[in-house]
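Since the structure comes first, as structure tokens, the remarks are kept for the end.
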Amino acid sequence: MREFGYRRADDVTGAVALLDADPGARYLGGGTNLVDLMKTGVERPARLVDIRRLPLDGIELTDDGGLRIGATVTNSDLAAHPEVRRRCPALSQAVLAGASGQLRNMATVGGNLLQRTRCGYFADVTKPCNKREPGSGCPAIEGEHRNHAILGASEHCVAVHPSDMAVALSAFDAVVSYQTADGPGELPLADLYLPVSDTPHRETALPRGALITAVTLPAAPVAARSRYRKVRERASYAFAIGSVAAALEVHDGVVRDVRLAFGAVASRPWRAHAAERALVGSPADAEHFAAAADAELAAARPLPDNAYKVTLMRNLVVAVLTDLAQEAAR
Amino acid sequence: MTTTPLRPATAAGAVGTAHPRVEGLEKVTGAARYAAEFPLPGLAHGWLVVSRVARGRIRSVETGPVLAMPGVLAVLHHGNAPRLRTDYERQFGAHDQTAAVFQHDRVPHAGWPVALVVAETPEQAREAAESLTVTYEEEPHDIALTADRPEARTVDDYLPGVTEKGDLEAELAASAAVVDAEYTTPEEHHAMMEPHAATARWEDGRLDLLDSNQGTTWVQSELAGLFALDPADIRVRSEHIGGGFGSKGLRAHQVAAAMAARVLDRPVRVVLTRRQMFSLTGHRSPTVQRVRLGADAGGRLRALEHRTLNHTSTVHEFLELASIPGRVLYDADAHRTASELVPLDVPSPTWMRAPGEAPGSFALESALDELAEKLGIDPIELRLRNDPERGPVSGLPFAGRNLAACFREGARRFGWAGRDPRPGVRREGRWLLGTGTAAASFGAGAGPSTASLTAEPDGTFTVRIAAADIGTGARTALTLVAADALEVTPDRVRVRIGDSAFGPAMIAGGSTGTRSWSWAVMAAARELRERLAAAPDIPADGLTVRADTTEALGTLSQKERHSFGAQFAEVAVDPATGEVRVRRMLGIFAAGRIVNPLTARSQLVGGMTWGLSMALHEEAVRDPAFGGLYGGDLAGYHIASHADVPAIEADWVDDPDPEDPVGIKGIGEIGIVGAAAAVANAVWHATGVRHRHLPIRPDRVIAAGAVDA
Amino acid sequence: MHPSTSSTVTLNINGEKHQLSLDHRTTLLDALRERLDLTGTKKGCDQGQCGACTVLVDGRRTLACLQLAVAAEDQEITTIEGMARGGELHPVQQAFLELDGLQCGYCTPGQICSAVAVLEEHAAGWPSAATEDVRPEHGPPELTDEEIRERMSGNLCRCGAYVSIVRAVARAAAQQDESAKEEAA
């Protein structure tokens with residue numbers, strides 16, 4: 001780890017100004033990902049601007065009944081918040097499914113969105129990686145890729161985004177607010193993550209120096225009946241190999257509204273629009289849930305060792321939607 | 001000194017009674033200091049630099065820029081490091097060159113130690129080590145372990161690599177049912193929680209090492225060989241050890257620390273990073289195994305063949321004796337067990353908890369289950385019908401073989417009776433349920449040890465023995481053994497361990513530690529009581545006696561000495577997501593006299609937890625393109641977490657060894673043996689599909705499906 | 001201009017203030033172990049992957065290996081050395097000792113710090129991934145063995161002491177409930 005300067009920011013304007021002034025500076029939130037990457041040499045900032053104590057740690061109800069979540073709210077506080085649990089249980093469940101109690105106490109909402117992939121090649125500076133070192137190659141495609149992307153990847157990178165929280169947020173059309181030296185801005189979460197294409201090192205559409213200040217979840221009654229299911233290679237304290245955030249509204253056996261997003265299948269949380277379109281207006285049964293999953297997964301381009309994810313995601317969609325349909329019927 | 005077996009201790013004393021760990025208070029308050037936790041004036045910090053290439057030669061080590069960095073004191077590498085001797089006699093196993101650091105420019109595997117950077121602070125050392133440029137002449141590497149390697153060969157280890165009798169092909173041909181299957185286990189790592197760490201300092205030509213190891217006199221003798229010193233000029237201390245499991249012997253960090261401390265003439269500490277541990281501290285080799293079983297219609301085995309292959313490095317010859325369970329568990333008219341190795345461009349493997357038996361029992365005990373299925377015989381009944389009276393290979397009598405008692409007691413407690421043998425027929429929501437069982441055995445041995453025992457003037461007693469408590473509870477067990485031998489309460493006995501100054505003693509390994517050390521403590525206690533009976537007055541500096549068990553061990557009769565066990569597991573499998581959850585496990589063991597039921601239960605349950613972890617989680621993925629590990633850390637190498645581990649019960653049947661002064665056999669390994677097979681057999685019972693490759697990962701379960709799905 | 005790469009920092013540990021000149025790279029874990037001789041907090045992986053370095057920061061369990069010391073200024077840090085009060089073990093420590101919730105002891109301080117926080121988090125009504133329904137109208141989850149296991153999963157134990165650890169945490173929780181009832185009565 002190289003030596004670095006450290007400043008604790010007093011307010012958002014000051015934080016943004018500090019970063020603007022120093023191209024080698026990075027924001028430090030909970031540090032759970034950044035400090036690790038600094039130890040492994042993946043990140044080598046010259047200065048850290050500590051934003052952890054900025055007054056961005058509130059969760060408020062918006063006028064329309066949505067939720068506005070401050071960027072420095074910890075994962076723990078987000079998951080435990082009664083309004084989050086009431087209005088969007090899938091978000092609470094997603095956060096609780098991630099990392100460990102200790103890490104959730106440290107990690108912030110803003111940092112969670114911007115965490116880097118856990119691809120083993122990315123994390124190892126002795127290996128090629130187009131995301132870390134553009135043009136050096138992607139060894140995962142011919143090498144170890146059991147937990148890599150099946151959707152939206154490219155020949156340049158097949159890494160997956162590791163966040164659970166972002167999967168739930170993406171299912172409910174979250175909007176990211178940020179601040180730069182030029183003023184505030186907003187981005188739908190759907191547009192936050194850039195397509196992989198031939199620039200896997202360019203991960204988000206945030207302007208340089210932008211500080212995420214909040215994430216807003218618009219009101220969505222369907223979110224009150226939502227669920228997050230995560231499959232991993234041990235029962236806890238592990239990243240997903242596949243996950244689903246889902247919400248379902250059924251009337252007279254017919255799907256009225258549905259939200260579906262997948263985790264651990266792409267470089268970003270994967271909103272399953274095709275599946276949603278296929279489902280609205282169709283019977284709420286396993287056969288149609290499976291057909292909807294197939295509609296989404298038709299675009300999957302698995303590698304030899306991660307083809308199981310196609311089956312896994314299909315089965316997960318059926319299982320989670322079936323559970324939600326049964327719950328709605330009760 | 002004693003040459004005759006001592007009277008077994010009575011059951012009425014401390015031995016056999018639950019006793020919290022004597023060092024427990026220190027451990028729950030954070031007061032117990034481990035190897036890297038002793039402050040020393042003038043301490044410098046060493047950081048190893050390891051090879052990124054998997055094979056080749058070091059062309060250059062660019063020390064200049066790094067030596068100019070703040071706080072950097074030295075960079076040791078093959079071009080400037082002190083020379084070491086490597087031709088010395090070793091106490092255990094073949095020489096592993098990995099510890100003889102910086103002696104040549106060859107790189108035999110990825111993660112090989114190429115330099116040590118020493119600096120004033122750990123932060124400076126780390127940055128300098130990461131900044132050190134090393135260039136290599138890279139050569140193509142070969143890491144592929146496959147069943148058809150032509151270079152595969154056997155070697156004789158502490159046991160022969162191959163045993164055989166009878167005509168296999170003829171017996172197989174005459175069998176009513178035959179199983180012929182290949183099983184594999186992956187590369188597995190010890191992953192103890194405390195990283196290897198050592199602090200070295202030299203004074204007047206004498207080396208003082210604060211270390212974390214499984215045998216202080218063992219490491220002392222290794223260092224004496226390497227540095228061409230009289231062992232008396234080396235003191236190795238290792239009071240608390242944060243887990244070992246076979247990995248904590250002589251490793252690169254101790255040698256590097258000793259070298260640097262000598263060169264700089266100040267104390268140097270070297271702590272391995274978690275990632276370095278994955279290439280420098282040994283591992284369990286992956287295995288490719290083939291089992292062929294043939295039986296008559298009644299289940300009697302006519303043929304048993306177990307062939308195993310493991311990798312080793314090009315700098316250390318290590319044979320994983322995975323074929324040995326069948327040498328103890330089952331006889332057959334034709335019987336062949338053979339373990340082979342193939343040297344590849346990989347780090348050196350070593351002993352890991354139940355070496356041989358852990359991977360071997362997975363294959364053999366899975367195959368037994370497959371045979372039971374084919375024959376339509378209950379898996380326990382099949383094992384009972386093949387319970388031999390004498391060693392299948394040696395022909396020697398058993399020093400106690402209570403496997404049948406374990407199965408009977410286990411079946412009763414687990415609720416095995418009335419089990420529906422059909423697979424894939426029990427469903428509970430999304431889960432398919434199944435139960436499985438397996439047999440376990442592990443050799444019971446003892447090694448020569450010395451101990452001293454002092455009667456203090458205040459009426460207390462002090463035992464000094466170079467034992468190692470790697471979490472086994474050995475310190476507490478020895479306290480109880482000494483208390484009974486002296487006929488005093490345990491609070492009057494103080495046991496000091498982990499110091500080579502106490503004299504030669506067996507290592508904590510192979511389930512032999514507590515047995516070996518207790519023997520020496522018993523002998524010393526007997527001697528002391530005789531002395532005190534003759535002259536009851538204790539001098540001001542106490543009365544000290546010494547004991548050495550070398551001669552007594554030589555008089556042991558030739559027998560098959562083993563611990564045995566019956567493993568049971570119940571699992572739930574979701575074939576849609578591939579998730580497997582173990583719901584409960586039960587192990588019943590015949591493992592000699594149990595000294596401390598509280599800590600013994602912990603150790604047995606710990607072993608079974610390893611078996612669960614081995615069955616479902618553990619796998620180090622070696623990357624063919626680069627030769628190193630993909631994800632060589634604790635996020636990439638999964639060991640079971642709290643959430644994976646259900647209620648696990650371990651208990652035992654009465655099984656004292658009459659030829660051991662205390663009756664001990666050893667319990668360190670037996671808990672893991674067979675446990676993975678019991679889980680895998682339960683997965684078959686749940687799903688109807690055999691999983692012959694560990695770990696049983698979600699992707700494998702999804703691909704395999706289930707009979708009713 | 002190059003920013004300064006070290007700072008003078010006041011750390012508040014177990015109720016005591018310590019002023020240190022710290023390289024910014026120093027983690028809270030290394031500050032405790034290498035600078036303050038508080039070696040009860042263990043370094044298992046130094047990467048946030050094992051939980052051995054768990055301490056409480058402002059009452060919340062935190063991984064000291066990923067916490068830069070300079071960023072922990074003015075926060076109340078409690079380590080394993082600060083768990084026992086007035087010469088009396090914390091009930092969690094006592095339960096670990098008596099029920100053998102440890103073997104090699106290296107993960108133990110982290111397990112204990114984590115368990116102390118688990119009891120607090122549960123008392124505050126926090127759900128976990130093991131909670132069947134997280135919606136607040138379902139009330140706080142009962143602290144079953146399954147809940148304890150999930151909540152403790154960030155603390156790896158290689159000796160395999162999990163079964164006894166869970167038993168110890170359950171006993172400490174039951175004791176806490178008892179004394180809460182006594183206080184209420």
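In what follows, chains carry the letters A, B, and so on, assigned in the order in which the sequence lines appear, proteins first and then strands, with residues in each chain numbered from 1.
- If you take SG on C:Cys65 and NZ on A:Lys39, they are separated by 4.5 Å, rounding to the nearest 0.5 Å.
- Side chains of C:Asn155 and A:Gln102 form a contact here, defined as non-hydrogen atoms less than 4.5 Å apart.
- Counting heavy atoms from C-beta on, the side chains of A:Leu96 and C:Glu150 never come closer than 4.5 Å.
- Neither the backbone nor the side chain of A:Arg87 comes within contact range of chain C; no heavy atoms are under 4.5 Å apart.
- By the 6.0 Å contact criterion, CD on C:Glu146 is open, its count of non-hydrogen atoms from other residues, nucleotides or ligands being 12 or less.
- Remark: the backbone N or O of C:Cys50 is paired with a side-chain donor or acceptor of A:Tyr237 at under 3.5 angstrom.
- Under the 4.0 Å criterion applied to side-chain N and carboxylate O atoms, C:Glu73 and A:Arg52 are not assigned as salt-bridge partners.
- Only the side chain of A:Met106 comes within less than 4.5 Å of a heavy atom in chain C; its backbone stays farther off.
- Heavy-atom distances place no part of A:Leu34 under 4.5 Å from chain C, backbone and side chain included.
- Once rounded to the nearest 0.5 Å, the distance linking CZ of C:Arg151 with OG of A:Ser236 reads 11.5 Å.
- The side-chain heavy atoms of A:Asp77 and C:Arg60, taken from C-beta on, include a pair separated by under 4.5 Å.
- The CG atom of C:Leu68 lies 6.5 Å from the CG atom of A:Leu48; values are rounded to the nearest 0.5 Å.
- A:Arg53 places a side-chain N or O within donor-acceptor distance of the main-chain N or O of C:Ala71, the cut-off being under 3.5 Å.
- Ranked by heavy-atom pairs under 4.5 Å with chain A, the list C:Met152, C:Gln49, C:Arg149 is led by C:Gln49.
- With a 4.5 angstrom heavy-atom cutoff, C:Gln67 touches chain A via backbone and side-chain atoms both.
- Of all the heavy atoms in C:Pro127 and A:Ala80, the pair that sits closest is CD-CA, 4.1 Å.
- No side-chain donor-acceptor contact under 3.5 Å links A:Asn105 to the backbone of C:Thr62.
- Atom CD of A:Gln93 sits about 10.5 Å away from atom OG of C:Ser128, to the nearest 0.5 Å.
- Contacts between C:Leu63 and chain A at a heavy-atom distance below 4.5 Å involve backbone atoms as well as side-chain atoms.
- Contact annotation for A:Asp50: only side-chain heavy atoms (C-beta onward) come within less than 4.5 Å of a heavy atom of chain C.
- C:His24 has its side chain out of reach of A:Glu3: every pair of non-hydrogen atoms, C-beta onward, lies at least 4.5 Å apart.
- By the 6.0 Å contact criterion, CD on C:Glu132 is open, its count of non-hydrogen atoms from other residues, nucleotides or ligands being 12 or less.
- When each of A:Leu103, A:Asn33, A:Asp36 is scored by its heavy-atom pairs under 4.5 Å with chain C, the top score falls to A:Asp36.
- When every heavy atom of C:Leu66 is checked against every heavy atom of A:Val35, the shortest pair comes out as O-CG2, 3.7 Å.
- Taking 4.0 Å as the cut-off between side-chain N and carboxylate O, C:Asp133 and A:Arg227 do not count as a salt-bridged pair.
- Contact annotation for A:Ala224: only backbone heavy atoms (N, CA, C, O) come within less than 4.5 Å of a heavy atom of chain C.
- The greatest number of non-hydrogen atom pairs below 4.5 Å with chain C, out of A:Arg2, A:Arg104, A:Glu83, A:Arg7, is found for A:Arg2.
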* Let me see the working for C:Arg25 and A:Met1 under side-chain contact (heavy atoms from CB on, under 4.5 Å), right down to the final yes or no. => CA-CA 7 Å; C:Arg25 293 175 292 188; A:Met1 201 192 296; 3.8 Å; yes
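- Between A:Ala46 and C:Pro3, the closest heavy-atom pair is O-CG, 3.7 Å.
- Contacts of A:Thr32 with chain C are made by both backbone and side-chain atoms, with heavy-atom separations under 4.5 Å.
- Side-chain contact check for C:Trp126 versus A:Ser76: some heavy-atom pair is nearer than 4.5 Å.
- Judged by distance alone, the side chain of A:Arg8 and the main-chain N or O of C:Val70 form a donor-acceptor pair under 3.5 Å.
- Without hydrogens or angle criteria, A:Arg85 side chain to C:Val134 main chain gives a donor-acceptor distance under 3.5 Å.
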